[in-house]
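Comments concern the structure below.
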Amino acid sequence: MADAVRVRFAPSPTGHLHVGSARTALFNWLYARHHRGSFILRIEDTDRSRSTEENIGSIVEALEWLGLDWDEGPPAAGYRQTERFDIYRAHAARLLAAGRAYYCDCPREQLERERQAAQARKETFRYSGRCRDRGLAAGALRLRIPQEGATVVDDLVHGPVTFEHAQLDDWILVRTDGTPTYNFCVVVDDVTMRITHVIRGDDHLSNTPKQILCYEALGYPLPEMAHVSMILGADRSRLSKRHGATSVQAFRDRGILPDAMVNYLARLGWAHGDQEIFTRADLVELFDIKDVATSAAVFDETKLEWLSHEFLKRLPGEALAPLVRPFVGAAGLAAPDDGRLARIVDTLKERAKTLVELVQVGRFYFARPASWEPAAARTYLTPEGAVRVVLLAERLGALAAWDAAAIEGVYRALTAELGVKLVELAQLTRLAVTGGTASPPIFEVLALLGRDETLARLQAARARVLAEGAA
RNA sequence: GGCCCCAUCGUCUAGAGGCCCAGGACACGGCCCUCUCAAGGCUGAAACACGGGUUCGAAUCCCGUUGGGGCCA
């Protein structure tokens, strides 16, 4: 088991979990689960000014919601960079002692001038190397990199990518104030956590040769590298807040099912033939990082919602009821017991793409209509409609068994007697009972509402007609 | 600005030289079903960024252009 797969997800807690990061986390998780390896969570909180406890909690919560469980990481100690400064310091000292790193005291302003001069000459800025052989005892610690040759990143998704050393420079490992830089921390962390496969965003590809040089200076073997593309907004620019929802919890709050979110994220840049719907088990079995696409993908909320709808339809009411309950409460409504809620949800699930929408379209199950849709009311809540309501109420009141089939019988019979189409009575009833013109099959609705509630609502609708007539 | 990455329908993608005058899915249009809305079935419109090569043959390989993204900040 010496070569067991160990992967990590290393977010910076500077905000909520972004969907792009979530996809990176998912790919790591899938890779770990597929290979029966370990998935490690590491918090990259060296940027103390922007890292907060709240954000860590939020990220953890989002990962849990997605069902991406980690084998190592918080709350255990030692998985936050701020707890690991001694480790970075020790590695820096080793590099210094071995002559693979050196101190530099070039003033910031001078470096800035050089940078601008380089840009004016249309060249890549490289540190001049002035302090390379000065044997300084303090300052910023720089990595001594080879002057010539090239480093090639053998990327699992991109293939070999070559970087000329002439384009790289002796980058800073530890700043003058003693704080280690991001690239250095990452290398030390990945090495000490024995990460075998670094799966991360494309935006780090350019940093990779610098990191590889650091691995070599440290004398550590290289992990496999895999850089996955970024997620873009509809205008093909990096997905950001101005594109709308970008955090995982925004979709949770909207009532997207977590399995749908996982399915959608997996399909962004990855495919398995024509298959669109994947269970978690499918993904674990079929996913391979090598099959991930190289190009960036546009985030499409519409397709996400379609997937959520697909998962909603497939879930039995009993499984859905506990998921729906909090959304009923959030809408300011009271939900019945699980058994009844399950049956209600079964009539609603193919009519909603999200849990929020499901509660919206099924609102009448939890509360009497506060009003009746005006246009439909003009058509149905008429004196003639009131007469029909009375007839319906009488017969429904006399029904021996209260179930959808028996209720339908009443409607069929009355339809024949009155010489009207079923749609007339159905819509009349629907409007009276739900307040609107769209709902699950009306006989099922009445069956679920119960006889007393049905009759009460019919009566209320009739009362409205009478009140209108009097006015 | 330099370096790096990327480029098939509006979007996600299948496609690893002939199976492709390009397949699936979302969204969109039409028809059917129907107590409404959905769901479902059938169906329509919709793409290989451009230009050069290589090859008997290219969406697939190579070069360039353009466009987008990233890193250096």
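Naming: A, B, ... by sequence-line order, numbering from 1 per chain.
Dashed line: the shortest gap from a side-chain N or O of A/S237 to OP1 or OP2 of B/G69 is not under 4.0 Å. Between A/H204 and B/G70 there is no side-chain polar atom (N or O) within less than 4.0 angstrom of OP1 or OP2. Contact check, A/R236 against B/G67: no side-chain N or O comes under 4.0 Å of OP1 or OP2. For A/R267, no side-chain nitrogen or oxygen approaches OP1 or OP2 of B/A25 to under 4.0 Å. Considering only side-chain N and O atoms, A/R351 lies nowhere under 4.0 angstrom from the phosphate OP1 or OP2 of B/G40.
Shown here, B/A38 forms no base pair; nothing in the strands shown gives a Watson-Crick or G-U wobble contact with both key distances under 3.5 Å. Across all strands shown, nothing is found opposite B/A22 as a Watson-Crick or G-U wobble partner with both distances under 3.5 Å. Pairing of B/A27, defined by two Watson-Crick or G-U wobble distances under 3.5 Å, is not identified with any nucleotide. In this structure B/U54 sits in no base pair that meets the Watson-Crick or G-U test at under 3.5 Å. The partner of B/U60, taking Watson-Crick or G-U wobble pairs whose two distances both stay under 3.5 Å, does not exist in any strand shown. When both pairing distances are held under 3.5 Å, B/U66 makes a Watson-Crick or G-U pair with B/A7.
Note on A/R126: nothing from the nucleic acid sits closer than 4.0 angstrom, heavy atoms only. Among the protein residues, A/T437 comes within range of the nucleic acid bases, having at least one heavy atom under 4.0 Å from a base atom. Contacts of A/G436 with the nucleic acid, taken as non-hydrogen atoms under 4.0 Å apart, are absent. Residue A/R121 is out of contact with every strand shown, counting any heavy-atom pair closer than 4.0 Å. Here A/P440 lies in heavy-atom contact (under 4.0 Å) with a base. Counting non-hydrogen atoms under 4.0 angstrom, A/S439 reaches a base of the nucleic acid. Counting non-hydrogen atoms under 4.0 angstrom, A/I442 reaches a base of the nucleic acid. Backbone-only engagement by A/K313 is indicated by non-hydrogen atom pairs under 4.0 Å involving sugar-phosphate atoms exclusively. In this structure, A/F163 reaches the sugar-phosphate backbone alone: every heavy-atom distance under 4.0 Å involves primed, P, OP1 or OP2 atoms, never a base.
Using C1' as the reference atom, B/C21 and B/C62 are 26 Å apart when rounded to the nearest Å. A distance of about 14 Å separates the C1' atoms of B/C9 and B/G44, rounded to the whole Å. Nucleotides B/G64 and B/C5 have their P atoms positioned 12 Å apart, rounded to a whole Å. Comparing B/A58 with B/C20, their C1' atoms sit 11 Å apart, to the nearest whole Å. Comparing B/C50 with B/G67, their C1' atoms sit 10 Å apart, to the nearest whole Å. With C1' as the reference atom, B/A59 and B/A14 are 12 Å apart, rounded to whole Å. Taking the P atoms as reference points, B/G17 lies 12 Å from B/U60, given to the whole Å. Here the separation of B/U65 from B/C72, taken at their C1' atoms, is 25 Å to the nearest Å.
Using a 3.5 Å distance cut-off with no hydrogens or angles, the side chains of A/Q167 and A/T124 do pair a donor with an acceptor. With 3.5 Å as the limit, one finds a donor-acceptor pair spanning the side chains of A/S439 and A/R430.
Comment: A/D170 does not engage A/R126 in a salt bridge, judged by the lack of any side-chain N to carboxylate O separation of less than 4.0 angstrom. A salt bridge links A/K303 with A/E276; the closest basic N to acidic carboxylate O contact falls under 4.0 Å. Salt bridge annotation for A/E109-A/R113: absent, with no cationic side-chain nitrogen under 4.0 angstrom from a carboxylate oxygen. Using a 4.0 Å cut-off between charged side-chain N and carboxylate O, A/R368 and A/E453 make a salt bridge.
Atom CZ of A/R200 and atom C1' of B/C4 are 14 Å apart (whole Å). In this structure, A/W306 places its CH2 atom 11 Å from C1' of B/C12, rounding to the nearest Å. If you take CG of A/L205 and C1' of B/C5, they are 6 Å apart, rounded to a whole angstrom. Protein atom NE2 of A/H272 is 16 Å distant from nucleotide atom P of B/U13, rounded to whole Å. In this structure, the NZ atom of A/K353 is 13 Å from the P atom of B/C26, given to the nearest Å. Rounded to a whole Å, the CD atom of A/Q275 is 14 Å from the P atom of B/G15. Regarding A/H158, its NE2 atom lies at a distance of 16 Å from the P atom of B/G69, rounded to whole Å. Spacing between atom CG of A/L312 and atom C1' of B/C37 amounts to 16 Å, rounded to whole angstrom units.
Along RNA chain B, the nucleotide closest to A/S229 and the one closest to A/V161 are compared, and the more 5′ of them pairs with A/V161. Of the two residues near RNA chain B, A/K122 and A/A297, the one whose nearest nucleotide lies more 5' is A/K122.
Rounded to the nearest 0.5 angstrom, A/T82 OG1 and A/I43 CD1 are separated by 9.5 Å.
Cation-pi geometry between A/R142 and A/Y102 is not met: the NZ or CZ atom fails to fall both under 6.0 Å from the ring centre and inside 45° of the normal. For the pair A/R42 and A/F9, the NZ or CZ position fails the cation-pi test of under 6.0 Å to the six-membered ring centre and within 45 degrees of the ring normal.
Residue A/R430 places a side-chain atom within donor-acceptor reach of the base of B/C35, judged by atom type and a 3.5 Å distance cut-off alone. Taking 3.5 Å as the limit, the base of B/G70 and the side chain of A/D202 contain no donor-acceptor pair of atoms between them. The base of B/A27 has none of its N or O atoms less than 3.5 Å from a complementary donor or acceptor on the side chain of A/K303. Judged by distance alone with a 3.5 Å cut-off, a donor-acceptor contact links the side chain of A/E276 to the base of B/G24.
For A/D203, counting side-chain heavy atoms from C-beta on, the closest listed nucleotide (B/C12, B/C71, B/C35) is B/C71.
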